[in-house]
Asker: 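Attaching a single structure in structure tokens format; questions to follow.
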Amino acid sequence: MNLLWSNDCWMMRTDVISSLKSTFISMSTPPARFKLFLSAKEKGVFFVAKGPYCHTVGLTTRDAFGALTNVTRKMQFINATRKMQLANGQPPTTDTNDIAHV
């Protein structure tokens, strides 16, 4: 939970998993992380929003879905830009690694 507080109350699910794996040895397996996510959801500790491009984790449903909306919009813009560049015979210059905290 402190991790989410220090990251504007939301993070990408993949970043949460990486942090769990590096911080807690017991979180190195997918079943352990699944149990943690399920328990947290049941207790209302944090929330996961699932979208077409990623999953976000937030302290509240508003944090999780707000972040998911922002990331989805940015990914749609990146995809449209790439299509336009390719249609014009240009190499794609957009970088999807820079979508956190849009």
Side-chain angles (χ1 to χ4, degrees):
M1 217 163 80
N2 289 335
L3 187 62
L4 293 174
W5 275 112
S6 64
N7 286 287
D8 298 329
C9 300
W10 77 272
M11 290 178 69
M12 301 283 253
R13 183 175 170 268
T14 53
D15 294 336
V16 172
I17 289 171
S18 295
S19 179
L20 287 171
K21 286 169 39 175
S22 66
T23 306
F24 305 103
I25 295 171
S26 62
M27 291 289 122
S28 62
T29 64
R33 294 190 301 273
F34 175 77
K35 287 180 185 178
L36 174 87
F37 274 84
L38 190 60
S39 175
K41 181 183 174 189
E42 290 173 0
K43 294 177 182 177
V45 174
F46 59 77
F47 301 87
V48 177
K50 297 179 179 181
Y53 299 102
C54 68
H55 298 175
T56 55
V57 178
L59 289 175
T60 66
T61 54
R62 186 176 183 170
D63 294 333
F65 282 100
L68 181 65
T69 300
N70 289 339
V71 171
T72 299
R73 285 183 185 150
K74 179 135 187 193
M75 289 302 298
Q76 288 170 338
F77 174 77
I78 288 171
N79 286 340
T81 302
R82 284 182 170 174
K83 285 180 184 177
M84 186 176 65
Q85 289 170 330
L86 290 172
N88 292 329
Q90 302 168 334
T93 57
T94 52
D95 186 8
T96 58
N97 293 323
D98 189 29
I99 61 171
H101 295 85
V102 179

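Both backbone and side-chain heavy atoms feed into the values below; hydrogens, waters and symmetry mates do not. Each residue takes its place number in the sequence, starting with 1.
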Asker: Taking C-beta and beyond as the side chain, do Arg73 and Asn70 meet within less than 4.5 Å on heavy atoms?
Answerer: yes
Asker: Is the backbone N or O of Asp15 less than 3.5 Å from a side-chain atom of Ser19, with the two atoms forming a donor-acceptor pair by type?
Answerer: no
Asker: Return the CZ to OG1 distance between Arg62 and Thr69, rounded to the nearest 0.5 Å.
Answerer: 11.5 Å
Asker: Kindly compute the distance separating CG (Asn79) from NZ (Lys74), expressed to the nearest 0.5 Å.
Answerer: 12.5 Å
Asker: I need the minimum non-hydrogen distance between Thr56 and Met12, along with the two atoms involved.
Answerer: CG2-SD, 4.2 Å
Asker: Ignoring hydrogens and angles, write down the donor-acceptor pairs under 3.5 Å from the side chains of residues 30-48, residues two or more places apart or on other chains.
Answerer:
{"residue": "Arg33", "atom": "NH1", "partner": "Met27", "partner atom": "O", "Å": "2.8"}
{"residue": "Arg33", "atom": "NH1", "partner": "Ser28", "partner atom": "O", "Å": "3.2"}

Asker: Between atom CG of Leu20 and atom CZ of Arg13, what is the distance when rounded to the nearest 0.5 Å?
Answerer: 10.0 Å
Asker: Grouping I, L, V, M, F, W and Y whenever their side-chain heavy atoms are under 4.5 Å apart, do Trp10 and Phe65 come out in a common cluster?
Answerer: no
Asker: If every non-hydrogen atom of Val71 is compared with every non-hydrogen atom of Cys54, which pair is closest and at what distance?
Answerer: CG1-SG, 3.5 Å
Asker: With hydrophobic residues grouped by side-chain heavy-atom distances under 4.5 Å, do Leu68 and Met75 end up in a single group?
Answerer: no
Asker: Spell out, yes or no, whether Met84 and Ile78 are grouped together once hydrophobic residues are joined by side-chain heavy atoms under 4.5 Å, including indirect joins.
Answerer: no
Asker: Do Asp63 and Thr60 make a side-chain contact, defined as non-hydrogen atoms from C-beta onward lying under 4.5 Å apart?
Answerer: yes
